[in-house]
There are 2 protein chains.
Amino acid sequence: MTKKDQDSIQEKILAYMESNGLRITNQRRAIVEAAFSTTDHYTAEELLDSARKIDPSVSRATVYRTLPVLVQTGLLRELDLGRDQQVYDPNYATHPNHNHLICVDCQKIIEFEDYCLDVRESVLAKNLGFRPGVVKLRIEGSCEELAKTGSCSKRLVH
Amino acid sequence: MTKKDQDSIQEKILAYMESNGLRITNQRRAIVEAAFSTTDHYTAEELLDSARKIDPSVSRATVYRTLPVLVQTGLLRELDLGRDQQVYDPNYATHPNHNHLICVDCQKIIEFEDYCLDVRESVLAKNLGFRPGVVKLRIEGSCEELAKTGSCSKRLVH
DNA sequence: CTTTATGCAAAGGGTTTGCAACAAA
DNA sequence: TTTGTTGCAAACCCTTTGCATAAAG
């Protein structure tokens, strides 16, 4: 993802806020910048840390109040990984249809895309009387390549 | 799902417990029976309620302590629907590869299976160096049929 | 008997919220 | 100004846990 891509995403979010009557504050600007300046997944707490590096006045409450707005734009997504903290994925902004492969051994997450899967999912949903929207696919498994070579060569996002 | 299916599932769970050195208590028996006597999804609290109808001495703590055991057997699964309470799905015992279609309007959940999807997912995982395990696919959308007719005819589980 | 399980109630911990002070527009 | 936003800290609420008692084997 280039710097220009990042800027464009951030502008989209700020425009969304403006057009929804939300005010553009320094704190929100910092949170948006922090949210889309990385391709790593993060928790609310981690986003708070990175936003504070941009504007130290950002509070935890504001992060928790801003996250739902970012999710509403569709450019950020919750990962619903399980029990503990919610994890956020900023890569939907550049890869709207990516999926996740999770290693049950090392917990590493690999992102991938597949057009065939997208088409089949869409057809199935329509056959069941649905107009499909957000699709969340997560495959858990053992990462053999990771076990052998120490890394996965097929990752979409590094 | 027949009564015989239910009994067989419950026996499998109890056998799993026994072979793992866990004791077969009345409370656990009640929880297991409650967990697999329905095809509806449920929360821990709802499971507590139904287990108490079988054995009123069941406590919330025991339900929370027993649920992870049921999940370990692979016959019950957490749905990871989002923020609030965890939701459990007992239908993996009879339909190990089913997926979920969720209506964003009415929140109704429809279960479906598709062999093509299963195969493609498996191939993709292997190509990425993974030995695939649990697959979780959730499609959110608007249920047109539901909107028109008041119900969905294509549901796997009623 | 020995060991594991239970119920109770308190503690945990991520997320939400009430409120007075504060900034956008 | 007017109205939405912020930070703080307390409240929430689901889930986990410590402990004395009870029951399985």
Side-chain angles (χ1 to χ4, degrees), chain A residues 11 13-35 41-72 76-89, chain B residues 13-35 41-73 76-89:
Chain A
E11 274 165 30
I13 302 256
L14 296 178
Y16 173 90
M17 288 180 167
E18 194 163 24
S19 71
N20 281 70
L22 301 174
R23 291 180 178 169
I24 310 299
T25 63
N26 288 333
Q27 290 88 342
R28 281 178 176 162
R29 241 189 288 263
I31 292 168
V32 169
E33 184 183 335
H41 303 155
Y42 45 78
T43 63
E45 196 65 25
E46 290 166 344
L47 182 58
L48 172 62
D49 288 345
S50 46
R52 276 184 168 161
K53 282 178 188 149
I54 300 165
D55 179 347
S57 79
V58 172
S59 72
R60 185 176 283 98
T62 298
V63 168
Y64 275 105
R65 282 188 278 234
T66 303
L67 274 167
V69 178
L70 305 193
V71 171
Q72 273 172 45
L76 182 70
R77 282 222 205 138
E78 301 178 329
L79 241 37
D80 298 336
L81 291 181
R83 23 184 116 271
D84 31 325
Q85 316 166 72
Q86 186 59 268
V87 174
Y88 296 88
D89 182 346
Chain B
I13 302 256
L14 296 178
Y16 173 91
M17 287 178 166
E18 195 165 22
S19 70
N20 280 71
L22 300 174
R23 291 179 178 170
I24 310 300
T25 64
N26 289 332
Q27 289 88 343
R28 281 177 177 164
R29 241 189 290 264
I31 292 168
V32 169
E33 184 182 335
H41 302 157
Y42 46 77
T43 63
E45 195 66 24
E46 290 165 344
L47 182 59
L48 172 62
D49 288 344
S50 45
R52 276 184 168 160
K53 282 178 189 149
I54 300 166
D55 179 346
S57 79
V58 172
S59 72
R60 195 180 335 275
T62 297
V63 167
Y64 276 106
R65 282 189 277 234
T66 303
L67 274 169
V69 178
L70 305 192
V71 171
Q72 274 173 43
T73 67
L76 182 71
R77 283 221 205 139
E78 301 179 330
L79 242 37
D80 298 337
L81 291 180
R83 22 182 114 278
D84 32 327
Q85 316 167 71
Q86 187 57 270
V87 174
Y88 295 87
D89 182 346

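Any value given below was found using the heavy atoms of this structure, including those in side chains, with hydrogens, waters and symmetry copies removed. Naming convention: chains lettered A, B, ... in sequence-line order (proteins, then strands); numbering from 1 in each chain.
Place B/Ala61 and A/Val63 on DNA chain D by their nearest nucleotides, and A/Val63 ends up nearer the 5' end.
If you measure from atom CG of A/Leu48 to atom P of D/dT6, you get 13 Å, rounded to the nearest angstrom. One can place CG of A/Asp84 at 17 Å from P of D/dC14, the figure rounded to the nearest angstrom. Atom CG in A/Leu47 sits roughly 12 Å away from atom P in C/dT15 (whole-Å rounding). In this entry the distance linking CD of A/Gln85 with C1' of C/dT16 reads 15 Å, nearest Å. Between the P atom of D/dT15 and the CZ atom of B/Arg60 lies a distance of 10 Å, rounded to the nearest Å. With rounding to whole Å, B/Tyr88 atom OH is found 10 Å from D/dC14 atom C1'. Between the P atom of D/dT15 and the CD atom of B/Glu46 lies a distance of 11 Å, rounded to the nearest Å. The distance between atom CG of A/Leu14 and atom P of C/dA24, rounded to the nearest whole Å, is 14 Å.
Here the straight-line distance linking atom OH of A/Tyr42 with atom CG of A/Leu48 works out to 12.5 Å at 0.5 Å rounding. Expressed to the nearest 0.5 Å, how far OH of B/Tyr88 lies from CG of B/Leu67 amounts to 4.5 Å. In this structure, the separation between CG on A/Leu76 and CD1 on A/Ile13 is 7.0 Å, given to the nearest 0.5 Å. A/Asp49 contributes atom CG, which lies 8.5 Å from atom CZ of A/Arg60 (distance to the nearest 0.5 angstrom). The distance from atom CD1 of A/Ile54 to atom CD of A/Gln27, rounded to the nearest 0.5 Å, is 12.0 Å.
Under the 4.5 Å side-chain criterion, counting only non-hydrogen atoms from C-beta, B/Leu22 is in contact with B/Arg28.
Checking the phosphate oxygens (OP1, OP2) of D/dT16, no side-chain nitrogen or oxygen of B/Tyr64 falls inside 4.0 Å.
Of the residues in residues 20-33 of chain B, B/Leu22, B/Arg23, B/Thr25, B/Gln27, B/Arg28 come within less than 4.0 Å of DNA chain C through at least one heavy atom, sorted by number.
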Practice task
Would you check, one step at a time, whether the test side chain to side chain contact (heavy atoms under 4.5 Å, CB included) holds for B/Gln72 with B/Asn20?
Solution key: CA-CA 11 Å; B/Gln72 274 173 43; B/Asn20 280 71; 5.6 Å; no
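Considering only the side chain of A/Arg65, D/dC8 comes nearest among C/dC8, D/dC8, C/dG14.
Residue contacts for A/Glu45: at a heavy-atom cut-off of 4.0 Å it reaches no nucleic acid atom on any strand shown.
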